[in-house]
Amino acid sequence: MFFFSKILNQKRYQQKEEQTKSNRQQNQSAKQDPLSQDLSQNIEEAKRLFPLSPDLVIYRFVAGAEKAPVALLYLDGLTDKNAINNHILNPMLHNPSEVIQGMPIPSISGVRTVSTWDDVVAAILTGESVLLLEGQQQAWIYDTKGWPQRAIEDPQLESSLKGAHQGFVETGMQNIALLRRYLPNNEFRIKEQLVGQRGRSKVWILYLEDIANPDILEELETRISKVDVDALINTGELAQYIEDSPNSPFPQFIMTERPDSAVSQMLQGRFVVIVDRSPGVIIAPATFTSFFQSVDDYSTRWQIASFIRLLRFTAFMIAMLLPALYIAVISFNYEIIPLQLLLSIAESRASVPFPPLLEAVLMEITLEMMREAGIRLPAPVGQTIGIVGGIVVGQAAVQAGIVSNIMVIVVASTAIASFILPSYDMGMAVRLLRFPMMLMASLFGFIGMVIGFMTLIAHLVALESLGTPYGSPLAPFRWSDMKDTFVRLPLWKMTDRPKSARPTQDIRMDSKRPKGDES
């Protein structure tokens, strides 16, 4: 009985699939058909192409001195109704001279004519308005895009003390305008591509023509053109489709919400990729050390910027290795601990029934859960979760004998160190790599840590970002790029663009710097 039921269900599923495929082919074929001269027939075809779409507005009226039947089609919510009323309907309804021999005089910018249903459907779906006239086998498309959008605000993930308080938004053209404000240069180039079969997303590649490497541009265009998906939701998805090594935990493109940071990278010869409907942009190619740079580094004195830069690299090592170091010292290499400290640690761990690895994993997972809970919850509740988790749960866990005091200090130091990293994606990679390092330390002590760390370095050296070595300027070593790697030299000393970005124009500025009141 179950066997026959299964066959029957499979047959129904196949019939449904064939019906869906047939409808899709029929709709695709209909979209390529030309418009009809009969207005009623065109309206019926529009209703058929947009079934179950109550937001589709079909407004029929007569216009012009000849009282010609007209229909205006648009999707409610995606269009600017003020533009439709003021620039389309009012002139045509109250001024018959706006229609001359069946052709409406445009009173709004961005007007074009199309003759196929494919173009009409694409226009309606992108927020444009379509005007159909009786006896005309073409349609007029009006740019009336006006979907809901938020104002330009301070970026959430990349706060800055001295930088601009403007972040990218979900509208691609506004993001391009933000970049143009920083770079009013005629070498500014924009290349547009469409990605997605069901939801067509616009993707723009921005670069400076006289600086950016054309080989990297060609590679980037080729990879984006090969992305074949239903729809592209954000830049994070695009990065996963076009990066060199998708199985690596390390980010291979810089993701930023800051236009000033993106422009700074463009001036170094890199490319900026904007995906419409996404508030972040991709910067490529990227190197490992570029994830430790911040826009504040270039607005503070070079000594302070260098100190903070070194602090970030130190925090990277602490965030990834400190729990593993604790496990290795406690389990294998306790002879390096001073005697008084060893006695203190032994007293603290006397009531803990778990081995160091299980103790560390328990606390790290608890920390990750509290961090994720704090992100997902509203801000006031998230802060409460942090306080409750960090103080109450930590103290209670120590008193209950689940973890030791030293372990709480180690986990807290690790969490603070991971927050210092300016790149969220790099911070996530560190959080993930912490666990295999702890496992290696629990198996082989310091030797396991060295093996894990050397494996990590070998992996970083082998990585590439759009064909550019990820380990540059360390591997391959480029002395000139070291001016802005671990430390940041004075700005007037950084006369060349970084070679790791492979720019076609190396010289960035003259090294002469006026002193005091010199002009």
Side-chain angles (χ1 to χ4, degrees), residues 168 172-195 201-227 235 238-239 241-245 251-276 278 280-291 293 295 297-298 423 463-473 476 478 480-481 483-485 491 494-510:
F168 289 120
M173 295 308 294
Q174 283 197 26
N175 295 339
I176 293 175
L178 285 173
L179 294 177
R180 276 200 182 276
R181 281 204 63 208
Y182 283 94
L183 269 180
N185 190 285
N186 60 353
E187 297 292 341
F188 194 103
R189 299 287 185 271
I190 304 171
K191 288 205 170 185
E192 180 179 303
Q193 289 181 281
L194 290 175
V195 178
S201 299
K202 289 183 179 179
V203 178
W204 295 278
I205 304 174
L206 289 76
Y207 59 98
L208 291 174
E209 175 76 18
D210 57 339
I211 298 176
N213 192 311
D215 295 335
I216 299 178
L217 174 63
E218 183 180 358
E219 179 69 22
L220 188 57
E221 285 185 294
T222 304
R223 293 189 187 187
I224 294 176
S225 64
K226 290 181 179 177
V227 176
T235 49
L238 179 64
Y241 283 116
I242 65 175
E243 61 189 2
D244 293 64
S245 303
Q252 291 146 56
F253 298 123
I254 302 171
M255 308 279 289
T256 181
E257 294 180 343
R258 303 191 61 86
D260 49 359
S261 177
V263 168
S264 175
Q265 298 291 346
M266 286 179 68
L267 288 171
Q268 295 180 12
R270 292 188 170 91
F271 296 84
V272 171
V273 181
I274 296 176
V275 177
D276 197 18
S278 178
V281 304
I282 296 173
I283 296 172
T287 61
F288 174 72
T289 57
S290 61
F291 291 94
Q293 299 171 351
V295 69
D297 294 352
Y298 305 95
S423 170
L463 278 181
E464 289 186 344
S465 175
L466 287 179
T468 302
Y470 193 69
S472 177
R478 295 189 175 101
S480 60
D481 288 4
K483 297 176 182 177
D484 191 22
T485 304
L491 293 176
M494 295 189 292
T495 56
D496 297 338
R497 303 181 202 282
K499 288 184 172 53
S500 56
R502 297 163 60 191
T504 57
Q505 188 183 93
D506 291 335
I507 304 300
R508 176 157 47 184
M509 59 176 287
D510 192 355

Task: CA sep, side-chain torsions, deciding dist, call: V281, M255, side-chain contact (heavy atoms from CB on, under 4.5 Å) - done: CA-CA 6 Å; V281 304; M255 308 279 289; over 6 Å; no
Open item on the list: Run the side-chain contact (heavy atoms from CB on, under 4.5 Å) test on D244 and R223 for me, step by step, so that the C-alpha distance in whole Å, both residues' side-chain angles and the decisive distance to 0.1 Å come before the verdict.
Closed with: CA-CA 10 Å; D244 293 64; R223 293 189 187 187; 3.0 Å; yes
TODO: Start with the C-alpha distance between I242 and L466, add both sets of side-chain angles, then the distance that settles side-chain contact (heavy atoms from CB on, under 4.5 Å), and finish with yes or no.
DONE: CA-CA 9 Å; I242 65 175; L466 287 179; 5.8 Å; no
- [ ] I would like to know whether I176 and M173 meet side-chain contact (heavy atoms from CB on, under 4.5 Å); could you show each step before the answer?
- [x] CA-CA 5 Å; I176 293 175; M173 295 308 294; 4.1 Å; yes
TODO: Using the side chain to side chain donor-acceptor pair (under 3.5 Å) rule, take Y298 and D260 through it: C-alpha gap first, then chi angles, then the decisive distance, then the call.
DONE: CA-CA 11 Å; Y298 305 95; D260 49 359; over 6 Å; no
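For the pair K191 and Y207, the minimum side-chain heavy-atom distance is below 4.5 Å. Residues I224 and V195 meet the side-chain proximity criterion, which asks for heavy atoms closer than 4.5 Å. Taking the side chain as every heavy atom from C-beta outward, T504 and P214 approach each other to under 4.5 Å. Residues S225 and Q193 have side chains in contact (heavy-atom distance under 4.5 Å, counting atoms from C-beta outward). Using a 4.5 Å heavy-atom threshold, the side chains of F188 and M266 count as touching.
Within the model, atoms CG of L267 and CG of N185 stand 8.5 Å from one another, a figure rounded to the nearest 0.5 Å. Taken to the nearest 0.5 Å, the CD1 atom of I283 stands 11.5 Å off from the CZ atom of R258. The distance from atom CZ of F291 to atom CZ of F253, rounded to the nearest 0.5 Å, is 9.5 Å. In this structure, I205 CD1 and E221 CD are separated by 5.0 Å, a value rounded to the nearest 0.5 Å. Taking CH2 from W204 and CD1 from I190, the interatomic distance works out to 9.0 Å, rounded to the nearest 0.5 Å.
Applying the side-chain hydrogen bond (donor to acceptor under 3.5 Å, both in side chains) definition to pairs two or more places apart or across chains, those involving residues 172-181 are Q149-Q174. Here salt bridge (Lys or Arg N to Asp or Glu O under 4.0 Å) pairs that include residues 204-218, with residues two or more places apart or in two chains, are R189-E209.
A donor-acceptor pair is defined here as one N or O able to donate and one able to accept, closer than 3.5 Å; no such pair exists between the side chain of S290 and the backbone of A286. When atom types are taken as modelled, the side chain of S465 and the backbone of P285 share no donor-acceptor pair closer than 3.5 angstrom. No donor-acceptor distance shorter than 3.5 angstrom exists from the side chain of Q265 to the backbone of I254, with no hydrogens or angles considered. Proximity of a side-chain donor or acceptor of S278 to a complementary backbone N or O of I274 within less than 3.5 Å is not detected.
At a cut-off of 3.5 Å, with distance as the only test, a side-chain donor of T468 or R502 sits close to an acceptor on the other residue.
Within a 6.0 Å sphere centred on NZ of K202, heavy atoms belonging to other residues, nucleotides or ligands number 12 at most.
Between S500 and T287, the shortest heavy-atom contact is CB-CG2, 3.7 Å. Looking at every heavy atom in both residues, A262 comes nearest to L179 through CB-CD2, 3.9 Å. Taking both residues in full, the closest heavy atoms of P473 and T289 are given as CD-OG1, 3.7 Å, listed atom of the first, atom of the second, then distance. Of all the heavy atoms in N213 and F271, the pair that sits closest is O-CZ, 3.3 Å. Taking each heavy atom of I211 and G269 in turn, the nearest pair found is CG2-CA, 3.4 Å. For the residue pair R497 and I507, the shortest heavy atom distance occurs at NH2-O, 3.4 Å.
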